[in-house]
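Excluded from the calculations below are hydrogen atoms, water molecules and symmetry mates; all remaining heavy atoms, backbone and side chain alike, are included. Keep in mind that this is a model prediction, so the values were computed, not measured. Every chain is numbered from 1, with letters handed out A, B, ... down the list of sequences.
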There are 2 protein chains.
Amino acid sequence: MTSILHACAANQLLAELPSAEQDAFMAICDTVQLTFGEVLFQPTDTITHVYFPIDSFISQIVILNMDSRLEVAMAGREGMLGISLVLDIAETPLLALVQGEGLALRINAASFQQLLLNAPVLHQRLKRYLYVVISQLANSAACIHFHRIEERLARWLLMTQDRAKSDSLQLTHEFLAMMLGVRRAGITLAAIALQTRGLIRYHRGEIIIIDRPGLIEAACKCYTDDCALYTKVLML
Amino acid sequence: MTSILHACAANQLLAELPSAEQDAFMAICDTVQLTFGEVLFQPTDTITHVYFPIDSFISQIVILNMDSRLEVAMAGREGMLGISLVLDIAETPLLALVQGEGLALRINAASFQQLLLNAPVLHQRLKRYLYVVISQLANSAACIHFHRIEERLARWLLMTQDRAKSDSLQLTHEFLAMMLGVRRAGITLAAIALQTRGLIRYHRGEIIIIDRPGLIEAACKCYTDDCALYTKVLML
DNA sequence: CGCCTTGTGTACGCTAGCGTGCCGACGCTT
DNA sequence: AAGCGTCGGCACGCTAGCGTACACAAGGCG
């Protein structure tokens with residue numbers, strides 16, 4: 001029981017809820033282990049469950065014409081997956097891919113919607129979270145268009161580190177290429193550049209962040225902007 | 001009075017509402033004329049009014065680092081401006097620029113939120129609209145990244161034509177360049193290509209769509225996908 | 001009428017990133 | 001220990017689009 005309580009507090013959207021809401025949440029959620037590469041939703045799937053990651057994290061990916069892919073959002077312990085249920089829409093336009101293994105709290109869609117009716121604080125918080133997601137989507141569109149691979153890679157590594165809470169990330173260049181919508185060779189060049197600058201070290205499927213402040217410097221301002229927006233809207 | 005009624009039906013989000021909701025809406029809205037180039041919201045502005053365009057339309061633009069700009073959404077008679085109020089957030093992350101002159105219905109933010117409490121059909125419809133906007137934002141990010149200027153320009157002209165309901169659009173290459181986040185010269189080349197293919201004709205600030213089916217062919221599939229999504233979510 | 005602002009055509013060299021393909025190195029499996 | 005699949009480095013020519021700049025044309029205005 002205390003482990004669930006602890007787990008609950010481990011997702012930022014659920015932290016410091018009124019105890020009545022937290023109890024109601026705990027009563028209907030279960031804890032699941034997400035494994036790397038698991039696909040939680042396919043585009044146009046009906047959402048059957050929502051997820052609140054604890055130490056896992058999930059990439060949300062647009063698929064264009066069956067071949068081009070691009071990550072447009074990420075959900076870790078600061079967020080959730082299945083946010084469109086807040087709008088009473090049980091569908092998602094994005095592919096949800098588990099990108100960091102770990103635990104998540106899961107709730108059945110119907111129970112979740114029922115819960116929201118009696119959990120005004122959580123409901124309001126999720127609406128704010130949705131606003132943040134929308135803003136970040138809009139910013140990402142511009143970031144992806146205007147910024148260079150190296151800056152975007154730095155940003156992506158920082159965002160991932162925040163969610164993984166580890167300096168060591170298990171990632172291949174191939175995978176990063178898919179996330180950023182670029183060539184594998186493009187990632188290699190950017191990674192070499194970041195390594196040469198002493199910001200990261202990497203080796204066959206593992207990337208280690210050495211100099212986080214330096215990496216923030218190397219990333220486009222979108223990273224800090226994103227963090228600032230989240231804090232402003234959700235931490236007030 | 002009948003003119004307001006007519007105007008009301010002229011925005012698709014308001015069409016065929018239960019008469020009680022429509023009456024309530026009409027009681028608190030007023031009709032305003034929007035002029036070309038008018039800025040309705042600045043990023044991080046507090047939203048004081050929401051707008052339901054009738055024959056006007058509005059570009060929503062991300063501003064990155066004070067200099068790079070990119071249109072990420074458009075609101076015409078099929079949509080509204082100020083949608084984040086549906087989430088009880090009276091703020092917008094985007095610049096809202098009147099891009100097609102014309103009429104719009106305007107409501108004070110507080111009245112609008114009050115109205116939503118007693119207008120379940122409208123409320124539900126706006127939540128669906130918000131879902132469409134989110135999906136389109138995600139798709140746009142990928143479209144902007146993967147598709148070439150010519151395809152994007154074709155798509156943009158089609159979207160604009162839908163909202164302007166005219167074959168003749170008052171647009172300069174300069175303006176289009178800002179919308180698509182590219183060079184003015186890049187637009188000129190794309191426009192020449194489309195004109196050579198007999199799809200459009202243009203002349204000093206005016207673009208005329210000659211062959212709409214051909215233009216749909218020339219545009220990326222994102223155009224028809226967007227339309228299909230709107231229809232699926234809002235017309236069911 | 002001529003001026004001047006605005007819009008468009010075009011040309012220059014340049015850069016980021018593409019598609020592709022190949023090689024070598026790592027490390028897991030047998 | 002050998003073999004093989006995966007991963008990363010690198011190189012090739014190529015393209016889209018960039019920044020810039022300049023010239024010309026259209027059309028509003030004095």
task: Start with the C-alpha gap between B:R197 and B:D211, add the side-chain angles, then the distance that decides, and say whether salt bridge (Lys or Arg N to Asp or Glu O under 4.0 Å) holds.
output: CA-CA 10 Å; B:R197 293 166 68 179; B:D211 178 1; over 6 Å; no
task: Mind running side chain to side chain contact (heavy atoms under 4.5 Å, CB included) on B:K165 and B:R77 for me, showing each step along the way?
output: CA-CA 10 Å; B:K165 291 195 288 191; B:R77 61 186 300 277; 3.6 Å; yes
- request: Using heavy atoms to find the nearest nucleotide of DNA chain C for A:R204 and A:E150 separately, return the residue whose nucleotide is more 5′.
  value: A:E150
query: Take atom CD in B:E217; do more than 12 heavy atoms of anything else shown fall under 6.0 Å from it?
result: no
- prompt: Can any side-chain N or O of B:S56 pair as donor or acceptor with the backbone N or O of B:G100 at less than 3.5 Å?
  reply: no
- prompt: So, the side chain of A:R152 versus the backbone of A:L180: is there a donor-acceptor pair under 3.5 Å, distance only?
  reply: yes
- request: Would you mind checking if A:E91 and B:R128 are paired as a salt bridge, meaning a charged N to carboxylate O distance below 4.0 Å?
  value: no
- prompt: Would A:D162 and A:Y223 satisfy side chain to side chain donor-acceptor pair (under 3.5 Å), going step by step from the backbone distance to the final call?
  reply: CA-CA 11 Å; A:D162 291 341; A:Y223 173 68; 2.5 Å; yes
- prompt: A:I187 near the nucleic acid: base, sugar-phosphate alone, or nothing, with a heavy-atom cut-off under 4.0 Å?
  reply: nothing
- prompt: Going by heavy atoms in the side chains, are A:L176 and A:I207 under 4.5 Å from each other?
  reply: yes
- prompt: B:Q195 or A:H203: which one's nearest nucleotide on DNA chain C is closer to the 5' end?
  reply: B:Q195
message: Closest-nucleotide mapping onto DNA chain D: is A:L189 or B:G186 further toward the 5' terminus? I mean the 5' end.
response: A:L189
- request: Identify, residue by residue, the members of residues 166-185 of chain A with a heavy atom below 4.0 Å from DNA chain D, and return them in order of residue number, or none.
  value: A:T172, A:H173, A:R184, A:A185
Sorted by number, the residues of residues 139-147 of chain A with heavy-atom contact under 4.0 Å to DNA chain D: none
query: With under 30° as parallel and over 60° as perpendicular, where do the rings of B:F175 and B:F36 fit, or are they tilted in between?
result: tilted
- prompt: Charged N to carboxylate O below 4.0 Å: is that the case for B:R212 and B:D167?
  reply: no
- prompt: Quick one: B:R148 CZ to C:dC18 P, roughly how many Å, whole number?
  reply: 15 Å
Span of DNA chain D, from the first to the last nucleotide whose atoms fall under 4.0 Å of chain B heavy atoms: D:dA16 to D:dG27
query: Does any non-hydrogen side-chain atom of A:M80 lie less than 4.5 Å from one of A:N11?
result: no
